[in-house]
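Comments concern the structure below.
Along the sequence shown, residues are numbered consecutively beginning with 1. Only this structure's heavy atoms are used, side chains among them; waters, hydrogens and symmetry mates stay out. Read the numbers this way: they start at 1 and go in the same order the structure lists the ligands and their atoms.
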Amino acid sequence: MSNITITTPLYYVNDKPHLGSTYTTIASDAYARFQRLNGNKVMFITGVDEHGQKIQRTAASNKTTPINHCNTISQKYKSLWEKWSISNDYFIRTTDPHHQKLVEQFFQRVQSKGDIRIGNQKGWYCIGCEEYKEESKDASNPLCPIHLKELEWRDEENLFFCLSNYQTQIENLLQNPEFIQPKSRRNEIINFVSKGLKDFSISRLNLEWGIPVPGYDGHTFYVWFDALLGYISALLPQGQEIDLDDINDFGWPPEIHIIGKDILRFHAVYWPAMLLSADLDLPTKVFGHGFLTREGQKMGKSLGNVLDPELLLNKYGENAIRWYLLSDFRFGQDGDFQQKRFIDLVNNDLANTIGNLLNRTSSMSRKWFTNKVPDFSYDSNEEYLKNLSINTIIEVKENLENLSFKEACSSILNLASSANLYLNDNKPWTLIKEDKNKQRVGYCIYNVLETIRILAVLINPIIPKLSKDILNQLSYDDNHLNWNIDLEWGQLKKSTSLPKPSPILVKLEDE
Ligand code: MSP
């Protein structure tokens, strides 16, 4: 058993959660659930990033104070994550007082290392990204390539973190092929670093909505210097002063930071350098997943095509959306949300392939075996589904370990299709007409029911609610599932009573 810390980004609270943040959080949840099922002790962290100019301006335009605004939106995040069955162990808010203390403590450590200097920051700034855009340095009226909004010119005194001191160490870190996942994103970061790391400013002047920098009047911490540290404060007990040297006792360092590709540079370059400066251990890996578009277009408020995850959830339910997002898009790559494909895929995979398999097998078992799982002895000549299940288990474990959700879902679905074919080939409905075949039929039905049970246990990290529903319909105890036990073939007890089956997913209809 290992201790595993897993994090999502801490989301900006300028607005309620969108489909992008929901996607990252669902995927991280699936990974956290998978690690727990493997018997590991997981600390799954999510939360919100509440300071900075963007939030201050949004609050002002909503005619409220920043903290009131943050309270409202943070609560929306919390309650939406609950509705999606997100199993986070901690929700960090960067306005939490213990986080503020940690930021001060961390700053002092980095400062005493000699990695803080005062300087002048000039350049074009994107408030949406909360970032200076180096590439636009010489342009006259540049736009942010991500937000397509005008950049703002800044020229002010800032404190700088001496990132340039860490050029060699970061280069060495990037030599490790495991650190940045998926591997295809590694080159982009290696290229960026090879151009030479520049110190970056970590304070803002006269920006009220931030944590004050101790010893520098008028300066507040730059949101990124503040928010990244949320990954540490999420682990520390509140109300106690913890020496940063002791944080490994509390689950540091994370096994993985799961983020979108847009913020890979912050996590794979700036953050490790900050940690090196503070003599703290580095996360094992950083996974930068792809972006979602909608019907081929970038989602954006100005385009009026943003998909509201809450509306989707209320309309289609968590099983349908979680399955679509995780099974149809390769996690490291961009994906396109298409309404028609979504409906077809969910109906085919969940309602037809898996749902019908359960429904018809359970009905046959109830009809021919007095409402129970058949009680027939083991036939060692016929282990087709058992062997297939064993192979599927290996594939699913391997794929989930690498966050290859699509591939894991496809293995699970193949198992369900094979079980459907096995029934069609064996035709128990014909065999049962002759009494002498009862044992053969019993064994056939048991094989399929047991395969469905394995499938439901395997699907648990992806769609926990549907997994529970299937297991309940097999009268299988779904509390405290553990993959070292519950994925053993033969755990479904013979002669277990089967309740009347009901559809696990009502077919979705297009509007
Ligand atoms: N506050 C920073 C993160 C600080 S972490 C210490 C931030 N917040 S954010 O609200 O903008 O969230 C960004 C994350 O949302 C992305 O990294 C990604 O995980 C997710 N997504 C935002 N839009 C997305 C898509 N269109 N598609 C998929 N995910 C996207 O950056």
Side-chain angles (χ1 to χ4, degrees), residues 6-29 31 45-55 58 70 73-74 76-77 80-81 91-95 99 102-103 106 126-131 144 146-148 185 202 210 221-235 254 256-272 274-275 283 286-301 303 305-309 321 324-326 328-337 403 405:
I6 300 165
T7 69
T8 73
L10 308 186
Y11 304 107
Y12 287 129
V13 292
N14 53 312
D15 210 343
K16 61 186 184 179
H18 51 67
L19 193 67
S21 43
T22 308
Y23 178 52
T24 318
T25 311
I26 287 175
S28 308
D29 179 65
Y31 184 68
I45 295 166
T46 187
V48 282
D49 181 353
E50 303 182 281
H51 289 126
Q53 185 133 35
K54 175 156 61 175
I55 313 297
T58 315
C70 290
I73 304 286
S74 300
K76 285 212 162 96
Y77 269 93
L80 192 66
W81 293 163
F91 185 98
I92 179 78
R93 294 184 57 177
T94 56
T95 50
H99 171 72
L102 186 269
V103 175
F106 186 91
C126 172
I127 306 229
C129 300
E130 293 280 12
E131 186 181 14
C144 165
I146 296 172
H147 293 91
L148 306 175
R185 298 214 185 280
I202 59 147
F221 283 109
Y222 170 44
V223 282
W224 274 98
F225 193 86
D226 155 355
L228 286 161
L229 290 165
Y231 296 141
I232 299 181
S233 28
L235 292 170
I256 188 164
H257 288 310
I258 301 175
I259 52 165
K261 62 179 183 179
D262 54 330
I263 53 175
L264 190 55
R265 206 182 277 180
F266 285 102
H267 285 80
V269 180
Y270 295 17
W271 179 224
M274 285 162 61
L275 290 167
V286 177
F287 194 108
H289 69 71
F291 258 43
L292 296 180
T293 49
R294 179 181 184 186
E295 313 289 346
Q297 274 193 315
K298 191 174 173 282
M299 276 182 271
K301 274 193 191 153
L303 287 166
N305 67 346
V306 177
L307 270 173
D308 181 342
I321 313 280
Y324 178 56
L325 292 180
L326 296 178
D328 206 31
F329 306 131
R330 203 156 260 130
F331 190 52
Q333 294 169 15
D334 293 345
D336 188 36
F337 194 108
L403 291 92
F405 302 109

Query raised in the report: By number and element, which atoms of ligand 1 are closer than 4.0 Å to a non-hydrogen atom of Asp49?
Result: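 Once the distances to Asp49 are compared, the set is 1 (N), 2 (C), 4 (C).
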Query raised in the report: Which of the numbered atoms in ligand 1 are below 4.0 angstrom from a heavy atom of Gly20?
Result: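 Counting atoms of ligand 1 from 1, those under 4.0 Å from Gly20 are 20 (C), 21 (N), 23 (N), 24 (C), 25 (C), 27 (N), 28 (C), 29 (N), 30 (C).
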What is the nearest protein non-hydrogen atom to [atom], stated with its residue, atom name and distance?
atom: atom 14 (C) of ligand 1; value: Tyr11 CE2, 4.0 Å
atom: atom 10 (O) of ligand 1; value: Tyr12 N, 3.0 Å
atom: atom 25 (C) of ligand 1; value: Phe291 CD2, 3.5 Å
atom: atom 4 (C) of ligand 1; value: Leu10 O, 3.3 Å
atom: atom 22 (C) of ligand 1; value: His18 CE1, 3.2 Å

So for [X], does at least one of its heavy atoms come nearer than 4.0 angstrom to any atom of ligand 1?
X: Lys298; result: no
X: Phe266; result: no
X: Gly290; result: yes
X: Glu130; result: no

Option with minimal heavy-atom separation from [atom], where the choices are [options]:
atom: atom 17 (O) of ligand 1; options: Val13, Leu325, Asp262; answer: Asp262
atom: atom 31 (O) of ligand 1; options: Ile55, Val306, Ile263; answer: Ile263
atom: atom 28 (C) of ligand 1; options: Thr24, Leu292, Ile259; answer: Leu292

**Report entry** Side-chain H-bond candidate by donor/acceptor type, Thr94 with His99, under 3.5 Å
**Finding:**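 Looking only at side-chain atoms, His99 and Thr94 do not form any donor-acceptor pair under 3.5 Å.
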Query raised in the report: Do Thr25 and Tyr11 meet the criterion of a side-chain donor-acceptor pair at a distance under 3.5 Å?
Result: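 Thr25 vs Tyr11: donor-acceptor pair found between side chains.
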Query raised in the report: What residues, two or more places apart in sequence or in another chain, satisfy salt bridge (charged side-chain N to carboxylate O under 4.0 Å, His left out) together with Lys16?
Result: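 With sequence neighbours excluded, Lys16 shows a salt bridge (charged side-chain N to carboxylate O under 4.0 Å, His left out) to Asp308, given in chain and number order.
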Query raised in the report: So do the side chains of Trp224 and Ile263 get within less than 4.5 Å of each other, counting heavy atoms only?
Result: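 Of all side-chain heavy-atom pairs linking Ile263 with Trp224, at least one is under 4.5 Å.
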Query raised in the report: Taking the side chain as C-beta and beyond, is there a heavy-atom pair between Val48 and Leu10 under 4.5 Å?
Result: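 When only atoms from C-beta onward are counted, Leu10 and Val48 do not touch, as no gap falls below 4.5 Å.
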Query raised in the report: Would you call the rings of Phe329 and Tyr23 parallel, tilted or perpendicular, where under 30° means parallel and over 60° means perpendicular?
Result: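 Answer is perpendicular, since the angle exceeds 60°.
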Query raised in the report: Taking the inter-plane angle between the rings of Tyr222 and Phe266 on a 0 to 90° scale, is it parallel (under 30°), tilted (30 to 60°) or perpendicular (over 60°)?
Result: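 Correct class here is tilted.
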Report task. Please find out if less than 6.0 Å separates the ring center of Phe287 from that of Phe331. Result ->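 Yes, they do, as the ring centres are separated by less than 6.0 Å.
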**Report entry** Centroid-centroid under 6.0 Å between Tyr231 and His267 rings
**Finding:**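 Centroid separation for Tyr231 and His267: below 6.0 Å.
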**Report entry** Contact partition for His289 relative to ligand 1, non-hydrogen atoms under 4.0 Å
**Finding:**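 The answer is the side chain.
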Query raised in the report: Taking NZ, NE, NH1 and NH2 as the nitrogens, is one of them in Glu130 or Lys54 under 4.0 Å from a carboxylate oxygen of the other?
Result: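 Answer for the salt bridge query: no.
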Query raised in the report: Would you say Tyr231 has any N or O atom under 3.5 Å from an N or O of ligand 1, going by distance alone?
Result: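 It does not: no N or O of Tyr231 is found under 3.5 Å from an N or O of ligand 1.
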